[in-house]
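To start, the structure itself, in structure tokens.
By convention in this document, chain letters (A, B, ...) are assigned in the order of the sequence lines, proteins followed by strands, and residues within each chain are numbered from 1.
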2 protein chains.
Amino acid sequence: MDNGALTGLATDVVVFTIRAQRLCVLLVRRTREPFAEHWALPGGTVPADEGLDACARRLLREKTGLHGVYLEQLYSFGSPGRDPRARVVSVSYFAVVPPGCLLSVTDHSSRLAWTAVDALPVMAFDHGEIVSMAHRRLASKLEYSTIALQFMGERFTLSELQSVYETILGEQLDKRNFRKRVRNLPCLEETGEWFRAGNHRPARLFRVTRPSRVDIIK
Amino acid sequence: MDNGALTGLATDVVVFTIRAQRLCVLLVRRTREPFAEHWALPGGTVPADEGLDACARRLLREKTGLHGVYLEQLYSFGSPGRDPRARVVSVSYFAVVPPGCLLSVTDHSSRLAWTAVDALPVMAFDHGEIVSMAHRRLASKLEYSTIALQFMGERFTLSELQSVYETILGEQLDKRNFRKRVRNLPCLEETGEWFRAGNHRPARLFRVTRPSRVDIIK
DNA sequence: TTGACATAGTGTAGAAATGACACTAACTTA
DNA sequence: TAAGTTAGTGTCATTTCTACACTATGTCAA
């Protein structure tokens, strides 16, 4: 043992958001070989003096401008053939951001794009697998944690929150049962404000008490 | 990006078993610096041409003789200072084996030892943290998967299985409720045999239908 | 042989959580 | 002021969870 093989090390981040009722991930168009012009996850090489979480966060900021987001280690991918040049292990992460972050992103000139997870392009390396694992993890965390709140902006209605659940789970939920569950969460509170939109009754606005925290429930 | 820093890469495995009603992990005594004579997890450097799972499995077999065990990736640890020599990322795994594997292991001459998780020695590197995360993961997987069956030998009684749950969760369970739950599992079946021990009624012996499989339940 | 001891094995009833279900409230616009 | 649209609310039946105590079957020792 001890210091035998040296290996390339990278972090890659699957950033989720919801746009137009679809679960989307943030992709970066590669410029260089291998996989030039392919879509990839934002990420890159880890310097020897930087921690993994810190590196994932920094690269995410540098490549996409996103910062201060919810970030969690997902899995490490290290098949010998996953990078055609050399052995590179990717320590992958997933992140969740509210819609409206990076609104500018769909400019045609941009090398960044939000892409629906159910309509991904062919991706560089094994990044398609990474997205797929992140998606499964996200869906299962919906059921036992408050991670869905990371998709919400500062203030939101319960219908908007319900729509997040429905989009990710891919099924309709009962409005009354949903509200019963969610109104018992201590991390959710009414703002006292109302959201008016369209020709209908306004909705109460809620906020998350400690926005950066994700609790395990039940 | 692209092939900048090269880093040491290792896998380490937290092997759990139950001995004498205590949850134990398998430790290896180091011979070399750093941390010579300290206890460490079985593991080592990943060669450039080997997958992570395969490497963890191989090193486990080489260092401890264990093979064919349940093995699952846990987390990757990569603080820059975790190895005093150089940056080394450890992709950690946890494994579960039935008691009776490696019975010889407590020989005084041996450099292997089963150690109760609630009485760990000071360990090499950040291996103490790794064990602690593995323990938390194991305890939470008890609740929503059939991982506890990986602790069982080929045939076992329901009381033995209940004792595994109690040991890991650190609390007593109700015998009737426990049996109600567990007898509904499709992966468990009666062998028709009986286990006689001590001056009391014999117990039915059960077996797992597909021993290598861990199901997610509920 | 029989009584003491030890663990195996079993059912029920009350409480809590879950799931199905339909109408009224409040606002906008034509 | 009527039509359209989403917000918001409660009940009942079913299922699941929890607490709880006794009988069965073996061994061993007197």
_Using side-chain heavy atoms (C-beta onward) and a distance below 4.5 Å, is B:I168 in contact with B:F151?_
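They are in contact (side-chain heavy atoms under 4.5 Å apart), so the answer is yes.
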*Less than 4.5 Å apart, any side-chain heavy atom of A:E171 and any of A:E166?*
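Not in contact.
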Of the listed nucleotides [options], the one nearest the side chain of [X]:
{"X": "A:H200", "options": "D:dT9, C:dA26, D:dC20", "value": "C:dA26"}
{"X": "B:R201", "options": "D:dA19, C:dA25, D:dA24", "value": "D:dA24"}
{"X": "A:N199", "options": "D:dT6, D:dG10, C:dT28", "value": "C:dT28"}
{"X": "A:K175", "options": "D:dT9, D:dT18, C:dA20", "value": "D:dT9"}
{"X": "A:R176", "options": "C:dA22, D:dA7, D:dC20", "value": "C:dA22"}

Nearest whole Å is fine: how far is [N] [atom2] from [X] [atom1]?
{"X": "A:E143", "N": "C:dA17", "atom1": "CD", "atom2": "P", "value": "18 Å"}
{"X": "B:Q162", "N": "C:dG9", "atom1": "CD", "atom2": "P", "value": "11 Å"}
{"X": "B:D174", "N": "D:dC22", "atom1": "CG", "atom2": "P", "value": "15 Å"}
{"X": "B:K218", "N": "C:dA17", "atom1": "NZ", "atom2": "C1'", "value": "11 Å"}

*asked:* For a quick test of reading the model: is some side-chain N or O of A:R196 closer than 4.0 Å to OP1 or OP2 of C:dC27?
replied: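 Yes, A:R196 has a side-chain N/O under 4.0 Å of OP1/OP2 on C:dC27.
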*Look at the side-chain N and O atoms of B:S159 and state whether any lies under 4.0 Å from the OP1 or OP2 oxygen of C:dT7.*
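No, outside the criterion.
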*Taking for each residue the nucleotide of DNA chain D bearing the nearest heavy atom, is the 5' side occupied by B:N177 or by A:R183?*
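Nearer the 5' end of the strand: A:R183.
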*B:K141 bridged to B:E72 by N-O distance under 4.0 Å*: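 Looking at B:K141 and B:E72, the cut-off is met.
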*asked:* Is it true that B:R136 and B:S132 share a donor-acceptor pair across their side chains at a distance under 3.5 Å?
replied: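 Result is yes, a qualifying pair exists.
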_Polar contact flag, side-chain donor to acceptor under 3.5 angstrom, A:D12-A:S90_ =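 Indeed, the side chains of A:D12 and A:S90 share at least one donor-acceptor pair under 3.5 Å.
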What contact category does [X] fall into here, base, sugar-phosphate, or nothing, at under 4.0 angstrom with non-hydrogen atoms?
{"X": "B:R204", "value": "sugar-phosphate"}
{"X": "A:R179", "value": "base"}
{"X": "A:T157", "value": "nothing"}

*Taking N and O atoms by type only, does the side chain of B:K180 place a donor or acceptor under 3.5 Å from a partner on the base of D:dT18?*
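Between D:dT18 and B:K180, which were checked side chain against base, a qualifying N/O pair under 3.5 Å is present.
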